[in-house]
Structure formats: structure tokens, C-alpha cells
Amino acid sequence: MSKEITTREADYSQWYNDLVIKGELADHSSVRGCMVIKPYGYALWENMRDQLDKMFKATGHVNAYFPLFVPKSLFEAEEKNAEGFAKECAVVTHYRLKNDPNNKGKLIVDPEAKLEEELVIRPTSEAIIWNTYKGWIQSYRDLPLLINQWANVVRWEMRTRLFLRTAEFLWQEGHTAHATKEEAIEETTKMLDVYAEFVEHYMAVPVIKGVKTANERFAGAEDTYCIEALMQDGKALQAGTSHFLGQNFAKAFDVQFLNKENKKEFVWATSWGVSTRLIGALIMAHSDDQGLIMPPRIAPLQVVIVPIYKGEESKPIIDEKVASLIKDLKALGISVKYDNSENARPGWKFAEYELKGVPVRVAMGLRDIENNVVELARRDTKEKSTVSFEGLALHILQLLEEIQQQIFNKALAFRNENIREVNSWDEFVEILDTKSGFVSAHWDGTSETEDKIKEQTKATIRCIPLDNKQENGKCILTGNPSTQRVLFARAY
RNA sequence: CGGGAUGUAGCGUAGCCCGGUUAUCGCGCCUGGUUUGGGACCAGGAGGUCGCAAGUUCGAAUCUUGCCAUCCCGACCA
């Protein structure tokens, strides 16, 4: 009773907040717009990070680390990028505090300690990284340069929401340099594939791969590729982006190399990133009114074992039986917690681990031991079953796999049910207002039309799907000719 | 940054309109005991700058002003 969760139907936003806070993933901090990621949430991020890191390394990338601060002169070098981020930058102007002469025990910024040049706290690292790359790249032999950074960035957002939009967030940003345009584009789509693979296979969230329109493009990019996911409330969420930056940054920072013919050329660039926002996607894609639902492959905890004691003498018997199960599970690489704490009764523990989304729960009492069985409960469907103790660890391994599949299939079915083709403006507006989800419609290809649609419906073009079929049609707003449908949605 | 709401113990709250002894209740927490198959029970106990600052007053959680923070709705965004 202590941890009531608002239902999705009653208040979707509140439901989301309840899951994050009561599920102990994160909390508001005393810093405006910044959250504290709690151990359970951080363990989830670590699992996501570790898996992605493996995938980056498998595709030839290495990690490095660049400064948090970007001198303003470097930041402004690539104009579009600077302009795009300018209004959400935190800026360091001083380097020292001193005692307030008028207010004992208080500190003030020392006006004497003004920086010669302001330092921008990175909202993204293209500027500092390309400034550095200039010194690293001289010859075609130095290319490609395939670097990733795990870091925090700061974007001073007006309105923040836990994980979805915080002033400071954790992410990774890949920054690569290539000798040819073709190779850079190939890198861009390769990393988009890595993201799609990760989000679908590990997070069990189905995504649509696509290209952004000019309006939605990353500031400073030639093309922005993205993966778009659908949340349970019918709103879309951009889960990852991969940018083909052309030669914009190379030109801004004068990064040239000598090719085989001994001629100077500007290098071609990409950048790509995913952030802790993915955790928000994970929550909103799978969870229910009882709490979080963690996909087994990245769950901070895969299995929890709850003992059902009956009298003091039952404890050592159950503990011993559980110990052998834990050993078997760990041998299979399954993370497991034995919650034999005595300050909470079984019912409380059941509810608590459901709230936290632990995929599989094992309950074991004397009754079970007599019959050589345990009670297994799966979080996704809440089904319980009685299973023999023999071969139990393998059975659980299989069950985890099944849950992973089931969660993905459910999300996929929901997503597919919520992509609707429409052919008229009235239909377009009605679907957005009543059913939401992705709306596949014809668009005349102009930014003006896209702006007008956004103004009138709050829906944006999420992407032009990569595998889009070509078909002639008429723009839903202007009636002008169109050669393909694009995906609209209201988005986070 | 515009519109609306809120701020009292770890959490949720009563009291505020109409100022007046020791700030209400529930959950949680601590101690002891009984319990344990879906959010246990009994007994005792601890815990408060009433968001912050100033003002009015003999007296402020309560009235006034300013500030801060949070939430919701817009604009912005991964």
C-alpha cells in the first residue's frame, strides 16, 4: 500500500514519474533540471552502456575522452551547429569565488576572476573534437578515424522530465573522420544499424529506421538518420541519431589530408549518439500499471528469489536449497538476488520486485521443497507456474529468453497496429486526436508545409523510412504531388 | 520564458479563508515481541528552519511583499 502507482489511464505523465521514482531508477536533485540516477537505474544504464560499447568496438571504434569545456571561439566555428545549440548553453565566465565582505560565511563570484574567454559547457562535442582532429589528421593513412566518447553533456532545457529531457545527461557520442563521402555515409548507416540492433535485440523496443527532413535535422549535419520508437500513449520517441556531417566541420576547423595523389582534401565526418533518454523509452514502451518491466537482456537484476519461511527451523533448510539454485544460475551468467530480509513479508516483496520489473521471481517454501518444486512468476504476463527443481536453472534461462521475445513481440504488435495510412486532411487530424501513433501520409516535401502541419496539429515528420516504397499521391495539406509517404507523429 | 497550481517530518496530508498554549493524522523509521504462500499485528519510541527572506503584529504555518523550487499546459529539445 505504501507505493501506489498512478495508472496510465488516469495520468500517463504521472504514471511515468511514479515508475521512475518509486521504481528507484532516479530522483529529482536539488539542482534545477538535473536528476540523481540511483543505483538501480545506474545498473540499467551500465548494462546498456556495456553492450553498446562492445558493439562499437566490434565495428572498429575506440574510446577517448575530450574536455567538458569548449572555448567560445571554437564553439562558434561551425555556424549552424553553434546557432542550433546557442540558446541552451551553460557558460562558465569566472574561475574563482571569494568570501562575501558584507555577508559572513557566504561566498560571491570574484569579479577579479573573470575569464578572458568564456567556456561553453559542451552540449555536444563536435567543436572540441574537430579542433583536436586537425592535429591528428595529415594523410589518407590517418583515416578513417573512428572514435567514441562516453560523457555527460549539458543542455539548458526549459522544461525537464526524468530521463527524457534533463539539463545534464549521460550519453555516448561517436565522431568519425573519413577520406570519402561514400565511406562516411556508409559509417552513418552502419551505426544506425548498430543502434537499431541494440534497441530491438536488447531493449526489446521495435524501431523504424529513417532519415529526418531538413526541419528536424541536426544542426550542422547534411543528413540525420534516426531510429524512432512508439510509446504506449501513442507518442513517438527518437531513440538514437546518426549524422552524416559532410565536410562542414572539416571546413570549419580546417581539417585536410593529403590523398594518394598528394592533393589536399577536406575530410568527411559523421557523428552519432544515444543517451540516458533510452531509459525513458524502455520504461514507456514496456511497463504496466503494476510497475516497470525490464527486458531480461539488460535488466539490472534478472531473477529474484523470495523464501517463504514457516518458523525458525525452516530457514536453514530453505537457505541451503536456494544456495544451490543461486550457484547454478550464476554458472549460466544469470544475475540473481536472494531476498531473505526479515523486515518484509513475502507479499510485500512480490509487489516490490514487480514494481522494479525483475523479469523472473522464484518463491520457495517448505511445501515446495517437500515436492521438489518452486513457484516461478514471470513479470511480463504475471503468470505463475510450479516447476520441478531438477534442471531449474536451465528452465529459467529459457524463460528469460522467452520473456525477452514476448516483450518485443508485444511492443512490435502495438507499434504495427499504430501505424495508419491516411489520405485526407480530416482523416489525418482525426487519427492524431483519437488514436495517435504513427500516421503515414503524403507530403509535398517542403519545409513550409511541414511547419504548417506542426503548427496545426503538433505532429512532426518523425522520419522518411529507409525502406520506403515509392508511390504517387497528393500532399494531405496542400494537395501538391508527392512520391512517397512519410511518418508523422506527436513526439517526446 | 508566458498561463495555471502547489510547497507543513523520508513520503502523503490536516490546519491557512477568520493570526492565539505543546502543529493533525496515516505510511515509513527505531526498540522488543508474535509472524511470513500477494503490500502483517501488538506495545513502546524518535523525528519539524511549517520552501527562503523581509514586513505587519504583543503574537505568524496562517496576513503582505519579494525570491526560490516543483508539477501541469504552451514555445524549445536527444
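Note: hydrogens, waters and symmetry copies are ignored here, and every other heavy atom, side chains too, is used. Residue numbers begin at 1 in each chain, while the letters A, B, ... track the order of the sequences.
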- Toward the 5' end of RNA chain B, which comes first, A:D368 or A:A491, by nearest nucleotide?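 In this pair, the answer is A:D368.
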
- Message: Which is more 5' along RNA chain B, the nucleotide nearest A:R161 or the one nearest A:F169? Just name the residue.
- Response: A:R161

Please report, rounded to the nearest Å, how far the [atom2] atom of [N] is from the [atom1] atom of [X].
X: A:E216; N: B:C76; atom1: CD; atom2: P; value: 10 Å
X: A:N343; N: B:C27; atom1: CG; atom2: C1'; value: 15 Å
X: A:H28; N: B:G10; atom1: NE2; atom2: P; value: 17 Å
X: A:M231; N: B:A78; atom1: CE; atom2: P; value: 16 Å
X: A:M35; N: B:U70; atom1: CE; atom2: C1'; value: 17 Å
X: A:F85; N: B:A78; atom1: CZ; atom2: P; value: 6 Å
X: A:R165; N: B:A75; atom1: CZ; atom2: P; value: 11 Å
X: A:Q14; N: B:C71; atom1: CD; atom2: P; value: 10 Å

Polar pair under 3.5 Å, donor/acceptor by atom type, side chain [X], base [N]:
X: A:R361; N: B:G38; value: yes
X: A:R155; N: B:C77; value: no
X: A:K382; N: B:G38; value: no

- Message: Looking at A:Q456, I'd like to know if its CD atom is crowded, meaning that more than 12 non-hydrogen atoms belonging to other residues, nucleotides or ligands lie closer than 6.0 Å.
- Response: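 For A:Q456, atom CD is crowded (more than 12 foreign heavy atoms under 6.0 Å).
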
- Does CD belonging to A:E79 count more than 12 external heavy atoms closer than 6.0 Å?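 Counting neighbours around CD of A:E79, 12 or fewer heavy atoms of other residues, nucleotides or ligands fall under 6.0 Å, so no.
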
- Query: Dot-bracket, RNA chain B: Watson-Crick or G-U, under 3.5 angstrom, [ ] crossing, | other strand?
  - Reply: (((((((..(((.......[....))).((((((.....)))))).....(((((..]....))))))))))))....

Sugar-phosphate, base or nothing in reach of [X], heavy atoms under 4.0 Å:
X: A:T224; value: nothing
X: A:G33; value: sugar-phosphate
X: A:Q238; value: sugar-phosphate

Rounded to whole angstrom, note down the [atom1] distance from [N] over to [M].
N: B:U8; M: B:C52; atom1: P; result: 10 Å
N: B:A5; M: B:G48; atom1: C1'; result: 25 Å
N: B:C1; M: B:U62; atom1: C1'; result: 32 Å
N: B:C76; M: B:A14; atom1: P; result: 37 Å
N: B:G32; M: B:G37; atom1: P; result: 23 Å
N: B:C50; M: B:C25; atom1: C1'; result: 16 Å
N: B:U35; M: B:G26; atom1: C1'; result: 23 Å
N: B:G20; M: B:A61; atom1: C1'; result: 13 Å

Of the nucleotides [options], which has the atom closest to the [X] side chain?
X: A:N17; options: B:C72, B:G37, B:G38; answer: B:C72
X: A:E88; options: B:A40, B:A75, B:C76; answer: B:C76
X: A:K310; options: B:C73, B:A78, B:G37; answer: B:G37
X: A:E352; options: B:G74, B:G39, B:G37; answer: B:G39
X: A:E342; options: B:G37, B:A78, B:U35; answer: B:U35

- Message: For a quick test of reading the model: is some side-chain N or O of A:R277 closer than 4.0 Å to OP1 or OP2 of B:C77?
- Response: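 So the side-chain polar atoms of A:R277 never come under 4.0 Å of the phosphate oxygens OP1 or OP2 of B:C77.
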
- Is any side-chain N or O of A:K22 closer than 4.0 Å to OP1 or OP2 of B:C11?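 Looking at the OP1 and OP2 atoms of B:C11, neither is under 4.0 Å from any side-chain N or O of A:K22.
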
- Task: Could you pull out the closest heavy-atom pair between A:M191 and A:S242, with the gap in Å?
- Result: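 That would be CB-OG, 4.0 Å.
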
- Message: Could you report the tightest heavy-atom contact between A:A363 and A:F350, atom names first, then the distance?
- Response: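 Answer, listing the atom of A:A363 first, then A:F350: CB-CZ, 4.2 Å.
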
- Task: Check the side chains of A:D233 and A:Y492 for a donor-acceptor pair under 3.5 angstrom, ignoring hydrogens and angles.
- Result: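 Yes, side-chain donor-acceptor contact under 3.5 Å.
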
- Exercise: do A:Y353 and A:D339 side chains pair donor with acceptor under 3.5 Å: yes

- Item | Near-ring test A:F428/A:F488, centroid separation under 6.0 angstrom |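 Close enough - the centres of the two rings lie under 6.0 Å apart.
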
- Query: Taking the six-membered ring for Trp, are A:F85 and A:F218 ring centroids under 6.0 Å apart?
  - Reply: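 Yes.
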
- Please determine if A:R378 and A:E402 form a salt bridge, counting it only when a charged side-chain N lies under 4.0 Å from a carboxylate O. yes

- A:E354 bridged to A:R361 by N-O distance under 4.0 Å: yes

- Query: Less than 5.5 Å between centroids and less than 30° between ring planes, does A:W348 satisfy that with B:A40?
  - Reply: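 It does not: the ring fails the test against the base of B:A40.
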
